[in-house]
Amino acid sequence: MTEVEIIQTLFQLLKHIAPDMEPSELKPDENIRETLNIDSYDTLQFIVAINDTLGIEIPESDYGKITTLNSLTKYLVEKSNAKLKI
Amino acid sequence: MIEFQMPSLGADMEDGTLVEWKKKPGDKVKRGDIIAEVETQKGLIEIEVFDEGTIQELLIKEGTKIPVGTVMAIINPSEVTLEAKEEKTPESKPIEIQPIEEKIIVKKEKIKQKASPLARRIAEENKIDITTLKGTGPEGAVSKEDVELAIANQQPTEKAISPSDSIRSAVAAAMSKSNKEIPHYYLIKNIDISKALNWLKEINSHKPVKNRLLPIVLFIKATAKALVEFPDLNAVWENGIIQKKEINIGLVVSLKKGGIVVPAIHQVNLKSIDEIMETLNDLIPRARALKLRSSELSDSTITLTNIGDNGADAVFGIIYPPQVAIVGFGSITEQPIAENGMIGIKSCVTVTLAGDHRATDGLTGSRFLVALNYQLQNPELL
């Protein structure tokens with residue numbers, strides 16, 4: 001999956017989690033939760049949705065690495081590539 | 001015969017509109033079955049039955065506004081024959097409506113404010129309380145012009161009432177009542193939850209993503225277990241304290257467009273933390289969609305509010321009447337904590353208790369917070 005495809009997927013998932021916000025207006029280095037006003041319950045649903053859609057399981061210990069759109073996309077691209085190599 | 005009445009779904013609710021019957025005459029019902037959907041300030045609520053039997057009659061027509069306590073249906077607690085069931089079609093039974101509108105009119109007439117029929121009608125249509133108007137007509141009667149003036153003096157651009165406005169009104173009513181009637185006392189305790197969070201992290205590392213637990217489930221369970229020791233806080237005030245057998249924690253759920261709803265998690269002390277998380281997974285999306293069941297809105301025996309991550313350090317709640325306590329959890333923050341003469345960085349949460357001073361004293365509240373702390377220091381026992 002390309003970076004662009006991952007970003008598009010993330011926007012779709014975020015739109016579902018925060019329907020009143022416009023995820024595509026999210027700046028790359030903005031904190032996703034703070035900007036879109038997402039609480040811990042919705043964050044967990046977002047992580048579950050990423051797992052369901054992209055097949056990538058994000059361990060709790062990595063939550064601190066995926067706070068912005070940039071860092072999350074980079075993380076998922078790396079995980080996606082790692083999966084392909086296996 | 002059992003009279004099934006429109007239930008109260010909280011201190012802030014006076015009526016609701018019957019949207020749809022989910023049962024018809026002849027249907028058997030048991031406790032917990034959904035009998036109807038009612039539109040209220042808190043959304044579209046599924047109304048549950050609390051008795052077992054057979055629906056004999058549906059007394060209210062769909063689309064009717066019904067005050068709390070109105071008899072909606074007759075339930076026959078005994079069995080009925082099959083023939084009897086077949087005779088009663090849903091179309092045949094809803095009778096001409098109970099005189100809800102008449103009741104309202106009767107109430108108003110009792111106030112004896114003189115007014116012309118036209119003025120009354122315009123006032124009603126515009127939700128103006130005619131008794132608050134000063135009449136300029138004959139013998140002080142309120143005239144059409146008086147009502148029109150009152151309408152003109154209202155908010156100039158009244159917008160249509162949205163669900164979030166309704167919720168706001170419901171919250172405003174309940175909180176105003178609470179502030180007026182309940183003498184609150186407040187207590188605060190800073191609790192080190194490092195051990196609990198580490199324990200949770202370990203538990204979650206063995207679970208698939210969708211089964212992971214959030215810290216709030218520990219807060220909910222710990223609160224329930226502490227309440228077992230302090231039943232005076234799990235109670236309602238109705239001209240005296242009445243302890244509740246079940247520990248049903250009302251969880252404050254914030255809505256995306258503003259406002260809150262407080263659905264109950266039933267019998268929390270009897271649920272495992274996994275079961276509590278399952279309940280949250282069911283309850284929170286429905287609460288945010290304003291699709292709750294009547295028992296979820298009416299059965300809470302205490303309220304828990306949780307600020308969540310990156311928010312305020314502490315929250316001082318307002319008790320939801322007729323309950324007598326609300327527990328508040330602030331954000332989880334890292335703090336320098338002294339322990340055994342050493343300072344370390346710990347994950348902490350500030351827990352508050354607002355208690356009704358008519359029902360309990362600060363000493364009870366303080367002991368409760370100590371018990372809550374004990375529970376969170378021993379997460380493996382939750």
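Nothing here was measured: the structure is a model prediction, and the numbers come from that model. Each chain gets a letter, A, B and so on, in the order the sequences are listed, and its residues count up from 1. Hydrogens, waters and symmetry mates play no part in the numbers below; they use all other heavy atoms, side chains included.
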* Name the option with the most non-hydrogen atom pairs under 4.5 Å to chain B; the candidates are A:Asn37, A:Asn51, A:Thr43, A:Ile50. =>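 Maximum pair count with chain B is reached by A:Asn51.
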*asked:* Is B:Asn306 in contact with chain A via its backbone, its side chain, both, or neither, using a 4.5 Å heavy-atom distance?
replied: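 B:Asn306 has no heavy atom closer than 4.5 Å to chain A.
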Worksheet item: Given that the side chain runs from C-beta out, which part of B:Ile332 has a heavy atom under 4.5 Å from chain A: side chain, backbone, both or neither?
Response: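 The answer is neither part of B:Ile332.
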#### Entry: Contact list for residues 208-225 of chain B, test side chain to side chain donor-acceptor pair (under 3.5 Å), sequence neighbours left out
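The answer is A:Tyr63-B:Arg212.
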May I ask you to decide if the ring planes of B:Phe329 and B:Phe219 are parallel, tilted or perpendicular, using 30° and 60° as cut-offs?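 Judged by the thresholds at 30° and 60°, the geometry between B:Phe329 and B:Phe219 is parallel.
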Given that the side chain runs from C-beta out, which part of A:Ile58 has a heavy atom under 4.5 Å from chain B: side chain, backbone, both or neither?
->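 The backbone, not the side chain.
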Set of residues satisfying salt bridge (Lys or Arg N to Asp or Glu O under 4.0 Å) with respect to B:Glu20, sequence neighbours excluded
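With sequence neighbours excluded, B:Glu20 shows a salt bridge (Lys or Arg N to Asp or Glu O under 4.0 Å) to B:Lys22, given in chain and number order.
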Just checking B:Lys201: does its NZ atom have more than 12 heavy atoms from other residues, nucleotides or ligands closer to it than 6.0 angstrom?
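No, the 6.0 Å shell around NZ holds no more than 12 heavy atoms from other groups.
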